[in-house]
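Written below as C-alpha cells is the structure these notes are about.
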Amino acid sequence: MLVKQPRGKVYSRFVEGEEQLHLFTDDLTPYGNPDVYMRDLALLLETKESVVDNFYGCVYELKNYQATEEIIYSSIYTSLLKDTPLPEQPTKKTSKKYMPEGQYICICFKWSEACYLAYYKKLYDYIKQHHISTEGMVFEFSLPNRYFSYEEDDFITELRIKMKEEN
C-alpha cells in the first residue's frame with residue numbers, strides 16, 4: 001500500500017484495524033536503533049511459537065517538536081496475526097493493543113535522519129492549518145524499499161494519525 005502513496009504529500013486514507021504487540025520504550029528516538037527492541041518482541045512471540053512479523057512501527061505523541069531528538073517513542077510494535085497466543089502474565093514492558101480502523105491523516109517519504117522532522121512538521125502544520133481533530137498519537141510505519149543487505153538502509157516510512165470521527 002505504501003508503494004502507491006504520494007511521497008512528501010499529506011493525504012488521508014482508510015487503514016484497517018489490527019492487533020499489535022507493543023513494547024514500551026522511554027529512550028528510543030528516530031535516531032535510535034529499534035532492532036534491539038524488536039528482538040525483545042520477537043523473542044516473546046517465538047517462545048509462544050507464534051509467527052513474527054518482520055515489519056514494525058513506533059508510536060509517539062503528536063506535538064509541536066522543534067528537533068528530531070525531542071521525539072521519544074512511547075512504544076515499538078509489531079502486528080499480530082489473529083489469535084496470536086501471548087503469555088498469560090504480560091510484562092510491565094509489553095501490551096497487546098488494537099489499532100482502530102478508520103480514516104488516518106498521513107505523509108509518506110523515503111526515511112532519512114536529515115529530512116524526518118521536515119516531513120513530520122509538514123504533516124503537523126497541515127493538521128493545525130486545516131483544524132483536523134485527531135486521536136493524538138503518531139503511528140510510524142516503515143517498510144524496506146529494497147532488500148539488498150550490502151547497501152545502506154532504504155525505507156519508505158508512513159506517519160499516520162487517526163482522525164476523530166465526526167458524529
Applying side-chain hydrogen bond (donor to acceptor under 3.5 Å, both in side chains), can you list everything that pairs with [X], at least two apart in sequence or on another chain?
X    : value
K164 : none
E61  : none
D26  : none
Y116 : Y60, E140

Side-chain contact test, heavy atoms from C-beta onward, threshold under 4.5 Å: evaluate it for [X] versus [Y] and give yes or no.
X    : Y    : value
Y120 : L62  : yes
M163 : I127 : no
C108 : Y119 : no
V10  : I107 : yes
N64  : K121 : yes

Residue pairs involving residues 124-136 (criterion side chain to side chain donor-acceptor pair (under 3.5 Å); sequence neighbours excluded)
none

Please check: side-chain N/O of [X] versus main-chain N/O of [Y], any donor-acceptor pairing under 3.5 Å?
X    : Y    : answer
S12  : Q103 : no
K162 : G102 : no
S74  : V59  : yes
S95  : K97  : no

When rounded to the nearest 0.5 angstrom, what distance separates [atom1] in [X] from [atom2] in [Y]?
X    : Y    : atom1 : atom2 : value
S75  : M137 : OG    : CE    : 7.0 Å
L123 : K9   : CG    : NZ    : 15.0 Å
I161 : F139 : CD1   : CZ    : 10.0 Å
L159 : F141 : CG    : CZ    : 12.5 Å
S142 : F155 : OG    : CZ    : 7.0 Å
K110 : T157 : NZ    : OG1   : 11.0 Å

Only counting residues at least two apart or in another chain, list the ones meeting side chain to side chain contact (heavy atoms under 4.5 Å, CB included) with E18.
Q20, Y77, S79, M99

Of the non-hydrogen atoms in I72 and D27, which two are nearest, and what is the gap between them?
CG2-N, 4.1 Å

Mind listing the closest non-hydrogen atom pair of E69 and T29 along with its distance?
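It is O-CG2, 4.0 Å.
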
